[in-house]
Amino acid sequence: MAMGKFMKYVLVHVVPTWQGKSCFHSNRWIFLCGGEMEEARESDFRKVESNSYMEADDLDLSRLLDKPRLIIERKRSLDERSISEISIAGNFRNVESYENMFSPMATGGRSGWNTPASSTPHALEPHPMVNEAWDALRRSLVYFRGLPVGTMAAVDNQSEEVLNYDQVFVRDFVPSAMAFLMNGESDIVKNFLLKTLQLQSWEKRIDRFKLGEGVMPASFKVLHDPIRKTDTIAADFGESAIGRVAPIDSGFWWIILLRAYTKSTGDISLAESSECQKGIRLILSLCLSEGFDTFPTLLCADGCSMIDRRMGIYGYPIEIQSIFFMALRCAFSMLKHDTEGKEFIERIVKRLHALSYHMRTYFWLDFQQLNIIYRYKTEEYSHTAVNKFNVIPDSIPDWLFDFMPTRGGYFIGNVSPARMDFRWFALGNFFAILSCLATPEQSTAIMDLIEERWEELVGEMPLKIIYPAIEAHEWRIVTGCDPKNTRWSYHNGGSWPVLLWMLTAACIKTGRPQIARKALDLAEVRLLKDGWPEYYDGKLGRYVGKQARKFQTWSIAGYLVSKMMLEDPSHVGMVALEEDKAMKPMLRRSASWTC
């Protein structure tokens, strides 16, 4: 676009107000042309054509894609401005909470940036990767009886072994669902939510043991019979998984995605349906049951989450605790206050209070807290003990003393009797920010740590799933000599592009979008050229993973979601929650919070 033309046309969004608050729903935009105002209505925007993969009698994706586009122009790029200046529909300082922040999708619009589904004469050209990413994402769609019900994990035609990468994984579909919601294609997400809800009701057995009724599948596969012209579904609840571990996180992701769908579309009928209400209660009944636990955290086996192989995360991993906390808060907002729902709401409130205190007190680590642990006394007894978990100071790894900056902090990987896993886990820390498990001060400190340790945590390809890698004798003991999890590879310190969307959401929520922009710029250098790998290897993430699949769907979707969030920060409201004042603890300020 010529600079003269860009300076001549400036787009202004006319923001309606309701009860004194700015709204994000508006179909009125104004062009300022040489001092005169010209109103552009939805009917003036160019209609879009898109290929549909389905028959006319089924759900027609082309109708979803044929919605009018909003034309957006900006004088400055996102990374040149502070978060307080940026919003597609107004100023963030006028927004009281992310809970009240709706995506433009709720009014039938689309995200405020160019997708392949549209082109306008005045819009800024999208990055060349955007078109390629959308094409690749659509090729991964899986259909059941003519309706799209998810995306397969990878579409790597060059790989001889398919394994289970042709299945729809619950956790893998989340970034795909976010991308479709932001692009106005909510029916795909609704179909997925309903189909996985049906699978939850199946009887689940591993050998002769029956799993809990509320367990959600790790994945499912659609089997097409071309002769009989029928479709059937085969679901995996852990009986086919590596290590035969049930996916603890699947149910949590389902609840989180249900809320994202509700926030994006404004449609509360799905969440309030009797089927979804029952599904939520069944998931909660599994994780809120009383037993021998002395902590409010969830006790987990190795391999029960995104880190699905033996990596020493057994116990109380931060990844599970963060999305557990997020799912509890999402369920709290969606449960009906009827007889059955009220009982669970009360249990959720009690657990949230206990869990937030426990995590903020015992999992948080910064320079000052590390110094306290370093000076711990051991073998303390009674309720006055300072070293409550009897952690031996000599167990603090040497790398941590150099890694910990004076400015910054994070939630460590695990805390259990006589054990602290001091490794950095990206997903757990990002969702601690998004769910408000982290206090505002702790959220800021996590962002400070990423800036201070950019080379270690981001490197040349975002983003380290774990830092640091374990190696040598420790690797043999912890992983069982796993050839896939060698040092700086896969889950053992590998770099995963999918984590980019979580980083972006956390950056926007904390007012640090420039961090996400810098990471996105790094990803755009190689992701498309390398064929959208699943993960990268090496200390800096320089090499395509030795067993990484190409055209990994969540790498593609993670890039798109990150891109759309930076262009339209209101989308963050789908996955970001407002701080609950009732759970705000009275914690002392550490050195990293005041530096």
Side-chain angles (χ1 to χ4, degrees), residues 59 142-152 164 167-174 177 186-225 230-241 244-262 267-289 298 304-305 320 323-324 327-328 330-332 334-336 338-345 347-348:
L59 179 65
V142 174
Y143 293 87
F144 178 74
R145 297 174 184 173
L147 300 178
V149 292
T151 51
M152 64 180 69
N164 57 356
Q167 298 184 22
V168 179
F169 281 81
V170 173
R171 77 173 68 94
D172 290 39
F173 181 67
V174 172
S186 60
D187 282 4
I188 302 172
V189 182
K190 184 176 182 179
N191 294 340
F192 170 85
L193 290 168
L194 290 173
K195 182 52 61 181
T196 47
L197 185 61
Q198 292 175 0
L199 298 177
Q200 184 194 41
S201 63
W202 286 15
E203 182 177 284
K204 302 167 276 284
R205 288 182 178 274
I206 296 182
D207 294 332
R208 298 183 180 182
F209 184 73
K210 183 178 178 181
L211 276 69
E213 188 179 0
V215 174
M216 281 286 187
S219 63
F220 65 86
K221 182 176 182 178
V222 177
L223 305 173
H224 302 284
D225 188 333
T230 58
D231 290 348
T232 55
I233 283 185
D236 178 16
F237 293 90
E239 68 271 25
S240 301
R244 301 301 187 266
V245 179
I248 292 180
D249 62 337
S250 285
F252 300 152
W253 285 123
W254 186 87
I255 292 175
I256 293 168
L257 186 55
L258 178 60
R259 177 195 172 274
Y261 169 86
T262 303
D267 174 21
I268 64 173
S269 61
L270 180 62
E272 291 188 346
S273 66
S274 58
E275 295 81 6
C276 283
Q277 290 289 306
K278 180 182 178 182
I280 294 172
R281 292 195 302 268
L282 287 174
I283 295 170
L284 294 177
S285 65
L286 289 175
C287 54
L288 295 179
S289 58
L298 282 181
C304 65
S305 59
I320 290 295
I323 60 173
F324 173 40
L328 287 179
C330 290
F332 177 82
M334 293 186 292
L335 279 173
K336 289 183 178 180
D338 53 19
T339 304
E340 294 175 304
K342 194 172 182 180
E343 176 190 350
F344 279 97
I345 289 172
R347 293 165 67 182
I348 287 173

Atom pair [atom1]/[atom2] of [X] and [Y] - distance to nearest 0.5 Å:
X    : Y    : atom1 : atom2 : value
E272 : L270 : CD    : CG    : 10.0 Å
C276 : I268 : SG    : CD1   : 12.5 Å
I283 : I255 : CD1   : CD1   : 4.0 Å
L199 : L194 : CG    : CG    : 11.0 Å
N191 : T196 : CG    : OG1   : 10.5 Å

Requested in this report: Identify the residue among D172, N164, V142 that makes a side chain to side chain contact (heavy atoms under 4.5 Å, CB included) with M152.
Outcome: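 For M152, the side chain to side chain contact (heavy atoms under 4.5 Å, CB included) check succeeds only for V142.
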
Ignoring hydrogens, what is the shortest heavy-atom contact between [X] and [Y]? Give both atom names and the distance.
X    : Y    : result
T262 : A271 : OG1-CB, 3.8 Å
I320 : S305 : CD1-CB, 3.8 Å
I188 : P148 : CG1-CG, 3.8 Å
L193 : W254 : O-NE1, 3.2 Å
A331 : L284 : CB-CD1, 4.1 Å
D231 : F144 : O-CE1, 3.5 Å

List in chain and number order the residues that pass ring pair (Phe, Tyr, Trp, His ring centres under 6.0 Å) with [X], two or more places apart in sequence or in another chain; answer none if no residue qualifies.
X    : answer
W253 : F431
F324 : F252
F169 : none

Query - Over 12 non-hydrogen atoms of neighbours within 6.0 angstrom of CG in D207 - result: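 Check fails, neighbour count at 12 or below.
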
Query raised in the report: Is the number of heavy atoms from other residues, nucleotides or ligands within 6.0 Å of NZ (K278) greater than 12?
Result: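 Incorrect, the count does not exceed 12.
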
Report task. Using the test salt bridge (Lys or Arg N to Asp or Glu O under 4.0 Å), find all partners of E340 that sit at least two apart in sequence or belong to another chain. Result ->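 Expected list: R281.
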
Can you give me every donor-acceptor pair (side chain of residues 209-222, partner residue at least two apart or in another chain, under 3.5 Å) with its distance?
| from | atom 1 | to | atom 2 | distance (Å) |
| --- | --- | --- | --- | --- |
| S219 | OG | Q167 | OE1 | 2.6 |
| K221 | NZ | D166 | OD2 | 2.9 |

Requested in this report: Find out whether T151 and F192 are in side-chain contact, i.e. whether some heavy atom of one side chain is under 4.5 Å from a heavy atom of the other.
Outcome: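 Of all side-chain heavy-atom pairs linking F192 with T151, none is under 4.5 Å.
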
Query raised in the report: Do I233 and K195 have side chains that get closer than 4.5 Å, going by heavy atoms?
Result: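 When only atoms from C-beta onward are counted, K195 and I233 do touch, with a gap below 4.5 Å.
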
Query raised in the report: Looking at residues at least two apart in the chain, or sitting in another chain, which of them share a side chain to side chain contact (heavy atoms under 4.5 Å, CB included) with E343?
Result: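 Once residues adjacent in sequence are excluded, the partners of E343 under the side chain to side chain contact (heavy atoms under 4.5 Å, CB included) criterion are R347.
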
